[in-house]
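This report concerns only the one structure given below.
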Amino acid sequence: MTEKDTTQTSESEIAVHWQEEDYFYPSMRFIAQANMTDPTIYDRFSLENFPNCYKEYADMLDWDAYWHTLLDTSDAPCWKWFVGGRLNASHNCIDRHLAKNKNKTAIHFVPELEEEKIEHITYQELFVRVNELAALLRDFAGLKPGDRATLHMPMSAELPIAMLACARLGVIHSEVFGGFSGRACADRIIDSQSKILITMDGYYRSGTLLDHKKNADVAVELALKEGQKVDKVLVWQRYPGKASSPTPMVAGRDYFINEELKKYRGQRIQPVSMPAEAPLFLMYTSGTTGKPKGCQHSIGGYLAYVTGTSKYVQDIHPEDVYWCMADIGWITGHSYIVYGPLSLGASTVIYEGVPNYPDAGRPWRIAQELDVNIFHTAPTAIRALRKIGPDEPAKYDYHFKHMTTVGEPIEPEVWKWYYKEVGKGEAIIVDTWWQTETGGFLCSTLPAITPMKPGSAGPALPGIHPIILDEDGNELPAGSGKAGNICIRNPWPGAFQTIWGDRDRYVQNYYARYCKDPKSKRWQDWPYLTGDAAVQSQDGYYRILGRIDDVINVSGHRLGTKEIESAALTVSEVAEAAVVPVAHDIKGKEPDLYIALKPGVNAHPDLEKRISDAVCNEIGKIAKPRKVWIVKDMPKTRSGKIMRRVLAAISNKRDVGDVTTLANPNIVEEIQAMMRK
Ligand code: WT7
């Protein structure tokens, strides 16, 4: 039966149709100032030198007590790094910089409203504010080392202050992305058994002051229904002393932090000296099914890894102004807005709002005003800015030395726009591939050492040793032209320790697949399954095709959705493309192609044909879309990810489910109506 045949095609037979791209090289100017220019770093971090190589990252931190065991594998696959060591993350991100840099800006907070002043918080001020909050959390909220506190905060200076105050006390923070609902927050409160919720009354998004406090009420109520009582809700006011939310405070439960803090003025809290392998935070990541998984990250291993990678991959120097436009509610923000940059003593930018408010020039005005020289964002934002303001960057006088793309594969066309227009041909780009679970980067070029290749994440980082396996566990060598399941052969310090409260699920999801001996205590027996499909080219560079389930099987021919989307983007009028599988009697699946056009371009049957032809030309007839749907906008999450799941439901005439949390829920109806015509 055809149906059966297609489902049995193995991962190793995913067709790979990417064309090889040319290398781009860093400028001499970049190389001359780079933190890491020594190619022997790859030898220092080779498998033969594993795990000792990671001493180099550990030594970037201040330790209260130095560790005795670098890697303890006795509880495999729950790895323990730097055992015996004691340290405090807030000390490493703040106190240790004071002697030389107390007057330096740690955080630039940029409010969304352009007429509001940018707040510049020095390391000394950060120290004072974190200490006072830590005193409040300890003495008023009753938090002790090892307790969990849920944070449901928007992009604000108060968010890292809350994280670092928890870290100072050894309290495990669990920040829930501010755009998530009260329900989502409740689920995470319940799972982490938090008794304290820290939130903010309101924040700006696209020019509107949103009522955020109401989510706290919903979260606390729903959590209580499932047996988790939140004792105190601590609310920052967006404007201290002034209400930004109409939702009333609940007496005896809700407290304004800025009011309570007055009682703690001048207090200093000694950073609690914590074991290296104690948890620093939980970061929940939701699968498409099942309850969200609380990825548990350690203090010592995690902080060492994000510090090392921020230095070598992000090339952060203390004098840099670094802006990562992600949200701190995601792992990118934890690792590469807060912990990595602050551990290195840099100035990190936190922007409250959306990139296109009030217009597409906003990011570049911020870059100009703060003289940002390192910029970090995701393909979705790059595509959006390319769509609405392709010529904006050139209008502003800023100069990046370094840019990052992260979060999904980037189409070479989009990469080149990023390079030429945003980077003005001066900035190097790193395409960093990693996950919530991995704490820090897995694959990326080292900017002064390995050249860039558009659309390719590059080689593995020093100390990361990937392997691509087919369904039967056979290795697919570099240059085989075949894609498979990319795994990491060795543990690394940034890797999550477990899923909070669910070790079995941790082992099952990430390690069981290719482990030959579940009793083994050797790390060599436990390859980490990333869940991504990838192909390695002859030069050793990895190209990530997306999640294993982002692969569409057409007549037994497996295509990465990214390949098709990338082909569509070669048509100059196309701003965004999203491919979803539609069930087909014979072929198994067919690709349906959704397209959003650049502003000023009108939909036209000719254009549909040109896009379809482009896909056939770039990949082959096998990838020909069933239909090219030109839509006004893509359904997107508030973090900007295109909701392919919703598009797939529309294409397959299934129930789209709850779409109220989308950034633009109305578009779903509009697309459905268009398809009925
Ligand atoms: C998934 C992880 C990494 C922090 C933000 C997302 C995809 C991530 C890349 C990249 C191609 C990428 C993978 C990965 N992904 N970075 N540079 N190129 N794909 O974290 O939400 O845990 O998502 O994002 O599919 O598994 P996340």
Side-chain angles (χ1 to χ4, degrees), residues 18 21 175-177 179-180 282-288 292-295 297 302 305-306 309-310 313-314 324-340 376-383 403-412 414-415 418 429-445 452-461 464 466 468 483 485-488 494-496 499 509-510 528-536 541-551 560-563 565-566 637-645:
W18 292 90
E21 295 281 336
E175 154 70 4
V176 180
F177 169 57
F180 274 154
L282 306 179
M283 170 61 62
Y284 282 86
T285 177
S286 34
T288 34
K293 305 174 267 194
C295 295
H297 285 282
Y302 171 83
Y305 197 70
V306 299
T309 53
S310 293
V313 181
Q314 298 301 99
C324 170
M325 213 168 57
D327 196 290
I328 297 175
W330 310 119
I331 192 71
T332 306
H334 275 50
S335 301
Y336 299 113
I337 297 179
V338 179
Y339 285 112
H376 185 151
T377 192
T380 171
I382 303 169
R383 281 187 221 108
M403 304 193 298
T404 300
T405 168
V406 61
E408 44 174 334
I410 185 165
E411 301 83 354
V414 176
W415 191 101
Y418 193 35
I429 296 181
V430 291
D431 181 341
T432 59
W433 168 67
W434 59 298
Q435 311 175 303
T436 303
E437 293 85 342
T438 71
F441 306 144
L442 295 175
C443 284
S444 165
T445 51
M452 306 161 249
K453 192 159 79 175
S456 193
L461 250 64
I464 300 290
I468 301 181
N485 298 322
I486 183 164
C487 299
I488 312 297
F496 68 143
I499 294 174
N509 279 4
Y510 300 98
Y528 166 77
L529 179 77
T530 66
D532 280 329
V535 58
Q536 190 183 22
Y541 279 41
Y542 293 93
R543 197 155 220 177
I544 307 300
L545 302 178
R547 307 293 304 173
I548 292 168
D549 41 21
D550 278 344
V551 166
T561 49
K562 265 298 141 194
E563 301 181 77
E565 292 167 8
S566 189
T637 62
R638 305 252 320 252
S639 69
K641 284 211 192 208
I642 298 177
M643 286 295 281
R644 290 181 178 73
R645 181 183 62 73

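Here, residue 1 is the first one in the sequence, and each next residue gets the next number. Worth knowing before you read on, the calculation uses all heavy atoms, side chains too, and leaves out hydrogens, waters and symmetry mates. Indexing begins at 1, ligand by ligand and atom by atom, following the structure's order.
- The closest side-chain donor-acceptor pair between Y305 and S335, if any, does not fall under 3.5 angstrom.
- The closest approach between W330 and ligand 1 stays at or above 4.0 Å for every heavy atom of the residue.
- Contact analysis leaves T285 out of contact with ligand 1, as no non-hydrogen atom separation drops below 4.0 angstrom.
- Counting only N and O atoms by type, the side chains of Y510 and E437 include a donor and acceptor under 3.5 Å apart.
- In the candidate list G440, G407, A378, G407 is nearest to atom 8 (C) of ligand 1, counting heavy atoms.
- Distances shorter than 4.0 angstrom do not occur between any heavy atom of G531 and any atom of ligand 1.
- Every atom of ligand 1 with a heavy atom of T332 under 4.0 Å away is listed here by number and element: 4 (C), 5 (C).
- Atoms of ligand 1 found under 4.0 Å from any heavy atom of D532, numbered from 1 in the order shown, are 13 (C), 14 (C), 25 (O), 26 (O).
- Residue contacts with ligand 1, taken as heavy atom pairs separated by less than 4.0 Å, involve Q435 via backbone and side-chain atoms alike.
- Ring geometry for H376 against F441 counts as tilted: the plane angle lies between 30° and 60°, on a 0 to 90° scale.
- Which of M283, K641, R543 comes nearest to atom 23 (O) of ligand 1 through a heavy atom is settled by distance: it is K641.
- W330 and F180 have perpendicular rings, their planes meeting at more than 60° on a 0 to 90° scale where under 30° would count as parallel.
- For the pair E565 and R644, the salt-bridge criterion is met [side-chain N within less than 4.0 Å of a carboxylate O].
- In summary, the atoms of ligand 1 found under 4.0 Å from a heavy atom of I331, numbered by their order in the structure, are 4 (C).
- For T530, the closest heavy-atom approach to ligand 1 does not fall below 4.0 Å.
- No part of I410 comes within 4.0 Å of ligand 1, judged by heavy-atom distances.
- Close contacts between ligand 1 and D431 involve ligand atoms 10 (C), 17 (N), 18 (N) [criterion: under 4.0 Å to a heavy atom].
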